[in-house]
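For reference, positions follow the sequence shown, starting with 1. Just follow the structure's listing: the first ligand is 1, and inside any ligand the first atom is 1. Note that the coordinates shown come from a computational prediction; the quantities given were computed from them, not determined experimentally.
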Amino acid sequence: MSEHEQQAKQRIQQLQKLLTRYNREYYELDEPSVPDSEYDALFRELQQLERDHPDLASANSPTQKVGSKPLDKFDTVAHEVPMLSLDNAFDEDEFEAFTLRVNERLDSSNNITYCCEPKLDGLAVSILYENGKLVRAATRGDGYRGENITENVKTIRNVPLELSSEAPQRLEVRGEVFMPTAAFEAFNEQARKREQKVFANPRNAAAGSLRQLDSRVTAKRPLHFYAYSLGVIDEQAEQALPNSHYQRLQQLARWGLPINDEVKTAASVAECEAFYNDIFARRDELRYEIDGIVYKVDAIALQQDLGFVARAPRWAIARKFPAQEQLTTITGVDFQVGRTGAITPVARLEPVNVGGVTVSNATLHNADEIARLGVRIGDVVSIRRAGDVIPQVVSVVEEKRPGHTQAIEFPTRCPVCDSEIERVAEEAVARCTGGLICAAQRKEAIKHFASRKAMDIDGLGDKIVEQLIERDWIKSPADLYKLTEPMLASLPRMGQKSAKNLVNAIAATRETTLARFIYALGIREVGEATAAALASYFQQLDAITEASVEQLQEVDDIGTVVAQHIHAFFAEPHNQTVVQQLREIIEWPEGEAVGPVDDRLAGNTYVLTGTLSSMTRDEAKQALEALGAKVTGSVSKKTTAVIAGEAAGSKLTKAEKLGVVVLSEDELKALL
Ligand SMILES: NC(=O)c1ccc[n+]([C@@H]2O[C@H](COP(=O)([O-])OP(=O)(O)OC[C@H]3O[C@@H](n4cnc5c(N)ncnc54)[C@H](O)[C@@H]3O)[C@@H](O)[C@H]2O)c1
Ligand SMILES: [Zn+2]
């Protein structure tokens, strides 16, 4: 054996071993360690080597096999007709070469009609119906023997358990089970929160969900099915079948099976290309992921003439789309601050083309996710970009880890405003606590401050806030009170009159209530009710800013997390400065220092409905809450009383129906 031969032999063995391992991870464990693009490249390399050195090829090579053997934990099902794979074409030239081969083999120079189908990225299943009833379902397995997953397939909502009465006595359909993209994203998000298994992509999620021993688990997974071919069918029915694959799919649909309505026929290679381009342009808008287009010779008679090779039919090909997962290296990590202060670690990448788009950043979500992935700077990672979701780091390829990698250090101070970063134990997200001064959060902070239930500044809409911030006139809410009429009047589309009104509206908020003021600060998870509870419990702002986490929790309905948010907010020196500035401008009546609180309505729940004449509903709500009551929006048996103003509607009717006490406005005043 020459040295060259020796090298080829070694590489072939190496690739066979590696691909066998990747197959096991992908097909048996539903947990690939490399993206498909990497797998496909190695697979092609092996195919080429085996072609160049036929004496070194073996029937045991992954290039000769389909999938992986069925898992022992399932009963096996022998496929009467093997379930094969598909050959791939990675570009237009390869696709055209395929069509030329087809014409050549058929000894035809005519245009061949192809059936064009989106290549759904899920897993193949075979479903057997007898006398119209679903009796058995199986995975592809190694193509000859699959796993019996009947009970699991029965839980898929759009798989009919029974077909129409015209269906053949015995009918096997084949198709793809997949997880729609949005459902997949939501599923992973939940899994991350609960620290459960996160799937690399919808394909693995579908396979992992379908191959569960307990069908109740499968039932909870959002799976979907489309039929794309016929397996065995009783002879009599077979004779009546149309000679076109496309027509056969329509026939399946008439028997009650779901088929993909994107499927079309193409009468020429050019039409095939047009189909590809159309679907590719809409790839991100489809509800499911596809990794290419499957072209099938449409005439069944021609399919039979063409036949099969070891692992795939000669009459079909999968024209692949650019892969949505690719390998690249993390060169660093940036920390971005969102508009609500959430800190998101973003991996900087060596630019890589993913699905046709150059990607140079990918989200790492949060510190928990960094820990879960075990990712370090310098690592080779798998990046996924699909739909309109931001690119994500899916996994680390540990065997490609270089000698020098660096741990990712989560900052302790905000990269934008240098405030302390808070990480609440129960939450995955870390946040900047400089809510009032952080440039990243400024816009939201001011909008919130001015909003109706906060300081209620009439005429300070989102657009104006944005302009004020762009001009750098406002860095914190305190700057609002420095705005003058001429300044405001110089803004586009703002007349003298509106400028004057706005200045007056801002001035009017110099007198307010403690509850509104606290709510206006925009402390995380401190809504109106919590702000009111804080105000009525502590009576004075100082008492709140100085309260410990434990003291804050003495207030009804304030738990550890909220108490921690409040404490962290007031501990931040930048926030202290702004609060101090605001205090010099804004006034509110303060009660005596924390004393016995009047909570004589504690434990009661009220619902307000209709219009009150002596106060607004908001004011009534605050007054009730100040006495310890709860005010909710819907009437139930647990409601203590419904307070009905003028023109009360359905809530009043419901109260009467449930026998809940109804109070008039006068009765409310007496209560207060
Ligand atoms: N990342 C890894 O480690 C790893 C390991 C093994 C395999 N893989 C990936 O899996 C591929 C090989 O898997 P495969 O053998 O299942 O082949 P395939 O996915 O390339 O093509 C065959 C499959 O396409 C599916 N399909 C979807 N829509 C179809 C339609 N309309 N008509 C017919 N079939 C349709 C069927 O499930 C069928 O079994 C590789 O190209 C690779 O990308 C990846
Ligand atoms: Zn900040």
Side-chain angles (χ1 to χ4, degrees), residues 18-44 62-63 65-68 83-90 115-126 139-143 174-178 200-201 203-204 206-207 226-229 245 249 259-260 262-263 288-296 311-313 316-320 323-325 327 335-343 382 394-395 397 411 413-422 431-442 445 572 574-575:
L18 195 56
L19 289 170
T20 303
R21 192 191 111 200
Y22 289 162
N23 277 345
R24 196 178 108 75
E25 290 169 349
Y26 183 89
Y27 293 112
E28 297 179 29
L29 311 176
D30 303 313
E31 204 165 354
S33 61
V34 292
D36 290 357
S37 50
E38 169 84 359
Y39 177 93
D40 290 343
L42 298 173
F43 190 92
R44 293 214 133 194
T63 55
K65 289 192 195 160
V66 173
S68 205
M83 292 181 79
L84 298 181
S85 181
L86 290 167
D87 273 344
N88 290 323
F90 285 88
C115 185
C116 314
E117 309 176 14
K119 185 167 183 293
L120 301 161
D121 208 3
L123 75 158
V125 294
S126 144
T139 61
R140 186 180 66 174
D142 63 6
R174 289 168 177 192
E176 196 86 345
V177 169
F178 58 96
N201 51 45
R203 195 228 90 103
N204 294 119
Y226 279 139
Y228 54 61
S229 77
H245 170 74
L249 291 181
I259 59 166
N260 189 340
E262 298 281 357
V263 174
Y288 41 78
E289 272 193 20
I290 58 177
D291 58 346
I293 304 292
V294 185
Y295 295 101
K296 299 172 183 169
R311 65 189 295 279
I317 194 143
R319 164 95 194 267
K320 291 280 188 121
Q324 286 181 313
E325 278 171 33
L327 292 184
F335 291 86
Q336 290 180 353
V337 190
R339 57 190 182 84
T340 59
I343 313 281
S382 179
V394 175
S395 59
V397 183
R413 309 197 74 87
C414 173
V416 173
C417 73
D418 199 42
S419 296
E420 199 81 44
I421 286 177
E422 171 204 27
R431 288 176 196 277
C432 163
T433 54
L436 292 180
I437 59 111
C438 184
Q441 303 175 60
R442 200 171 278 164
E572 172 50 50
H574 297 302
N575 291 339

| remark: Here the atoms of ligand 1 under 4.0 Å from any heavy atom belonging to R311 are 15 (O)
| Polar side-chain atom of N204 near backbone of P32 as donor-acceptor pair, under 3.5 Å | no
| query | With a cut-off of 4.0 Å, which atoms of ligand 1 are near a heavy atom of S85? | reply | 14 (P), 15 (O), 17 (O)
| Hey, is E25 one of the residues with a heavy atom under 4.0 angstrom from ligand 1? | no
| message | In the structure I gave you, are the side-chain heavy atoms of F90 and R44 within less than 4.5 Å of one another anywhere? | response | yes
| task | Pick one of side chain, backbone, both or neither for how Y22 approaches ligand 1, counting any non-hydrogen atom pair under 4.0 Å. | result | both
| task | Verify the neighbour count for atom CZ of R413: are there more than 12 heavy atoms of other residues, nucleotides or ligands below 6.0 Å? | result | yes
| message | Just so I know, are the side chains of E176 and N260 near enough to count as touching, which here means a heavy-atom distance under 4.5 Å? | response | no
| message | Suppose you place the vertex at the Zn ion (ligand 2); what is the angle out to C417 SG and C414 SG, to 10°? | response | 110°
| query | Which of these, L120, I259, D87, has its nearest heavy atom closest to atom 28 (N) of ligand 1? | reply | L120
| remark: Heavy-atom closest pair (E117 atom, L249 atom, distance to 0.1 Å) is OE2-CD1, 3.8 Å
| Does K296 approach ligand 1 within less than 4.0 angstrom via side chain, backbone, both or neither, non-hydrogen atoms only? | side chain
| field | atom 2 (C) of ligand 1 - nearest protein heavy atom and its distance | value | Y26 CD1, 3.6 Å
| message | Any nitrogen or oxygen of P32, side chain or backbone, less than 3.5 Å from one on ligand 1? | response | no
| remark: For E117, the atoms of ligand 1 under 4.0 Å from one of its heavy atoms are 30 (C), 31 (N), 32 (N)
| task | May I ask you to check whether over 12 heavy atoms, not counting those of R21, lie within 6.0 Å of atom CZ? | result | yes
| message | Counting non-hydrogen protein atoms only, what is the nearest one to atom 26 (N) of ligand 1? Give residue, atom name and distance. | response | E176 OE1, 3.5 Å
| query | Just which atoms of ligand 1 are under 4.0 Å from any heavy atom in V34? | reply | 1 (N), 2 (C), 3 (O)
| query | Any idea which protein heavy atom is nearest atom 44 (C) of ligand 1, and the distance to it? | reply | D36 OD1, 3.1 Å
| field | Proximity to ligand 1 by part of P35, non-hydrogen separation under 4.0 Å | value | backbone
| query | Between E289 and R203, is there a side-chain N and carboxylate O pair less than 4.0 Å apart? | reply | no
| How does M83 reach ligand 1, if at all, at less than 4.0 Å between non-hydrogen atoms: by side chain, backbone, both, or neither? | neither
| In terms of the angle between their ring planes, are Y39 and Y22 parallel, tilted or perpendicular, with boundaries placed at 30° and 60°? | tilted
| task | Using a 4.0 Å heavy-atom threshold (strictly under), name the region of V294 that reaches ligand 1: side chain, backbone, both or neither. | result | side chain
| request: Would you check, one step at a time, whether the test side-chain hydrogen bond (donor to acceptor under 3.5 Å, both in side chains) holds for E325 with N201? | output: CA-CA 9 Å; E325 278 171 33; N201 51 45; 3.0 Å; yes
| request: Would you tell me which option among Y226, Y228, F178, Y295 has the nearest heavy-atom contact to atom 35 (C) of ligand 1? | output: Y228
| said: So, taking the atom named CD in Q324 and the one named OG in S382, what distance separates them when rounded to the nearest 0.5 Å? | reply: 11.5 Å
| said: Determine whether D40 and K320 satisfy the following criterion, salt bridge (charged side-chain N to carboxylate O under 4.0 Å, His left out), listing intermediate values before the conclusion. | reply: CA-CA 11 Å; D40 290 343; K320 291 280 188 121; 3.6 Å; yes
| task | Measure from the side-chain N and O atoms of R311 to the backbone N and O of K65, and report whether any donor-acceptor pair falls under 3.5 Å. | result | yes
| query | Where's the contact between K320 and ligand 1, heavy-atom distance under 4.0 Å: side chain, backbone, both or neither? | reply | side chain
| message | Please find the pair of heavy atoms, one from C417 and one from H574, that lie closest to each other, and give the distance. | response | O-NE2, 3.5 Å
| task | With heavy atoms under 4.0 Å as the rule, classify the contact between Y27 and ligand 1 as side chain, backbone, both or neither. | result | side chain
| remark: Quick note on ligand 1: atoms under 4.0 Å from a heavy atom of P118 include exactly 28 (N), 31 (N)
| Which atoms of ligand 1 sit under 4.0 Å from any heavy atom of N23? | 6 (C)
| R174 CZ to M83 CE distance, which is reported to the nearest 0.5 Å | 5.0 Å
| task | Around atom 18 (P) of ligand 1, find the nearest protein heavy atom and jot down its residue, atom name and distance. | result | K119 NZ, 3.3 Å
| query | Should you measure from each heavy atom of R140, which atoms of ligand 1 turn up under 4.0 Å away? | reply | 14 (P), 15 (O), 16 (O), 39 (O)
| remark: Under 4.0 Å from one or more heavy atoms of D40, ligand 1 contributes atoms 40 (C), 41 (O), 42 (C), 43 (O)
